[in-house]
Every structure is written in C-alpha cells, then in structure tokens.
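Report on the structure given below.
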Protein chains: 2
Amino acid sequence: MDFGSYVRAVREGRREADVRFSVRQVAQRVGVEPAYLSKVERGEQPPPSEATIRRLAEDLEEDADVLLALAGKISGDLREVICRRPQLFGALIRELKEMPDHAILRIVREVRDGSW
Amino acid sequence: MDFGSYVRAVREGRREADVRFSVRQVAQRVGVEPAYLSKVERGEQPPPSEATIRRLAEDLEEDADVLLALAGKISGDLREVICRRPQLFGALIRELKEMPDHAILRIVREVRDGSW
DNA sequence: AGCGGTGTGTAGTACATACTACACGCATGG
DNA sequence: CCATGCGTGTAGTATGTACTACACACCGCT
C-alpha cells in the first residue's frame, strides 16, 4: 500500500460517515489546494512534506508516524535522536531488524517500566 | 562539529601520514570535483548525497553512519527498517531517547546474545 | 435552469539538492 | 623557470521537492 492509496482509502472511509471528508474540504483544512491533494492521493504527485503530512494525519485522525513511513520519511524527532548517537542506534536497529514485533514491544515495556 | 569541519579534520589528519589525502586526490577517488569537496569541507556547500558520503567514508576509513549523522541524514537501510514498522520503532526510539549509552548498549548485547 | 459542491487536468512557480567545468594564484621540486 | 600539484573562486546545470492557480465537466438540489 502506497501513501496515496492509503490516504484515499482512509479519507473515503471517513467520508461515509461525514461529508466533511471530501478532497476539497480536507485540502482546505490541511491548507493545500484540492487539485494537489487529489494528485497526491492518486500517486500522480509524490507525498507532501513532513509538515503537511502531519496536518493531514491530524485531520484524518491517523498516526503521523504511519503516514510518514508510507511516504518513506522518518519523523524529524526520531531522526534527531538517531543522529545524536548514530552508532548506538544504528547497532540497535540493525540488531532488531528481523525481530518479531512482540520481542521489540517487550523491550519497549521493560524500558518504560524502568527495569533498567 | 559540523559535517564539513569534521571531514576536513579527518582528511588533514590522514594526510600527515599519507600525501594521498589531499583534497584533489580524495575527490578523485570519491568521484567528485575537487572544488566541490573543498566547498563542502568549508561548509560553503551542504553535505553531499548519501552515496557520496558513503564513498567518502570508505576512503577516509570513517564510519559511514557517523558521517551521515553529521550530515543530518539517516542510513537508507535503517530508514527502511523503521518505515516497515514505524509505530514499533517509533515507540522504542522515543523510549530510549534520554537513556545513557550503556543502557542501550546492554540491550544491543542482550538481543545479540539471544537472551530473548 | 442554475447554483453549489465534487474530483481532476493543465500549466507554472520558487527553492533545494547535488553536483560539474573552468580558471586562478600559490608553492615546491627538478 | 616551469611543470606539477595544491586549494579555491566563479558560474552554471539538471533534477527533485513542494507546492499554487485556474479551469473544466459532472452531479444533485430547488
């Protein structure tokens, strides 16, 4: 699933319950031209900037990280964290690359619970 | 320390032991114009592309991830890993954001040693 | 019949990215 | 003294990013 198709699917879904989720109205709330959003949804244009994707995610009540990922982008705050200690986070991420979700989730929980 | 200054420092260091590390010769091996490398080192031009940074890192025997980080970029393979499971890795990285190096290293080791 | 709202086609813009090509003056060695 | 290599200044290019502006045809409503 690419960025455009996903956004279109989500928006059309929302629209079934709320007429305010037309291309035009979403575009207006997000602050872009309707024609542009239309083209992005159809993949005729590449995904928008991080800032625009964030506003779009908020309007559609979608997770910004997921939309950014579909656009092949990484949240600015995550990039900063990694760039501050690239070897450390590089090693960690490459180590966890093939790990199943539950193993990673377990680490997240254990770190959060302060077993460290 | 910005990207340019760092590269310049490393290259000048290497040069003390090996005359092959002039701007011109490094540029030639890396595959860019000497004037361009010169400008990048002095911060007159923004850092090069990921591919060029990788070739530069190899020539200078520096860690590519470190150079990429100084350029504010994230290695393509790491981006792919994160983009495949954005929520999971997002949660993990944000959880580890303020953690000291040794805590993260411990996780890396424990994952590698297969205590999971 | 006409008005508002719909999606979309076409064209164009401003800025960033990622460089190349050529030229200049300096210095060091044969 | 001049050839070689050095770093660097100036100018220019191609491609990508991130959009805007306007126009068109269609559909439902009153």
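The analysis underlying the following values was restricted to heavy atoms, covering all of them including side chains, and did not include hydrogens, waters or symmetry mates. Each chain gets a letter, A, B and so on, in the order its sequence line appears, and its residues count up from 1.
Note: CG (A:Asp18) to P (C:dT6) measures 12 Å, nearest angstrom. When rounded to the nearest whole Å, the span between CD of B:Gln25 and P of D:dT4 equals 15 Å. In this structure, the CG atom of A:Leu56 is 14 Å from the C1' atom of D:dC19, given to the nearest Å. Rounded to whole angstrom, the span from the CG atom of A:Leu37 across to the P atom of D:dC19 amounts to 11 Å. Atom CD of B:Gln28 is separated from atom P of D:dT4 by 16 Å (rounded to the nearest Å). What separates CZ of B:Arg20 from C1' of D:dG7 is a distance of 19 Å, to the nearest Å.
For the residue pair A:Pro48 and A:Val40, the shortest heavy atom distance occurs at CD-CG1, 3.9 Å. In this structure, B:Pro34 and B:Val23 approach most closely via the heavy-atom pair O-CG1, 3.5 Å. Heavy-atom minimum distance, B:Val30 versus B:Arg55: O-NE, 2.6 Å. Heavy-atom minimum distance, B:Arg85 versus A:Leu96: NH2-O, 3.5 Å. For the pair A:Asp59 and A:Phe21, the tightest heavy-atom approach, listed with the atom from each and the gap, is O-CE2, 3.4 Å.
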For this session: For each nucleotide in nucleotides 14-21 of chain C, reading 5' to 3', give B when a protein heavy atom comes within less than 4.0 Å of its base, S when such contact involves only the sugar-phosphate, and - otherwise.
Result: ----SBBB
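Residues A:Arg94 and B:Asp77 are paired through a salt bridge, judged by an N-O separation under 4.0 Å between the basic side chain and the carboxylate. For B:Glu58 and B:Arg54, the salt-bridge test fails: no basic side-chain N is under 4.0 Å from an acidic carboxylate O.
In this model, the phosphate group of C:dG7 is approached by a side-chain N or O of A:Arg11 to a distance below 4.0 Å at OP1 or OP2. Look at B:Ser22 and you'll find a side-chain N or O under 4.0 angstrom from OP1 or OP2 of D:dG7. Checking the phosphate oxygens (OP1, OP2) of D:dG5, no side-chain nitrogen or oxygen of B:Arg15 falls inside 4.0 Å.
Remark: A:Ser22 engages no residue in a side chain to side chain donor-acceptor pair (under 3.5 Å) (not counting sequence neighbours).
Using a 4.0 Å heavy-atom distance criterion, B:Arg8 is classed as a sugar-phosphate-only contact.
Remark: the backbone N or O of B:Arg42 is not paired with any side-chain donor or acceptor of B:Arg8 at under 3.5 angstrom.
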Pairs under 3.5 angstrom, nitrogen or oxygen only, protein versus nucleotides 24-29 of chain C, please.
none

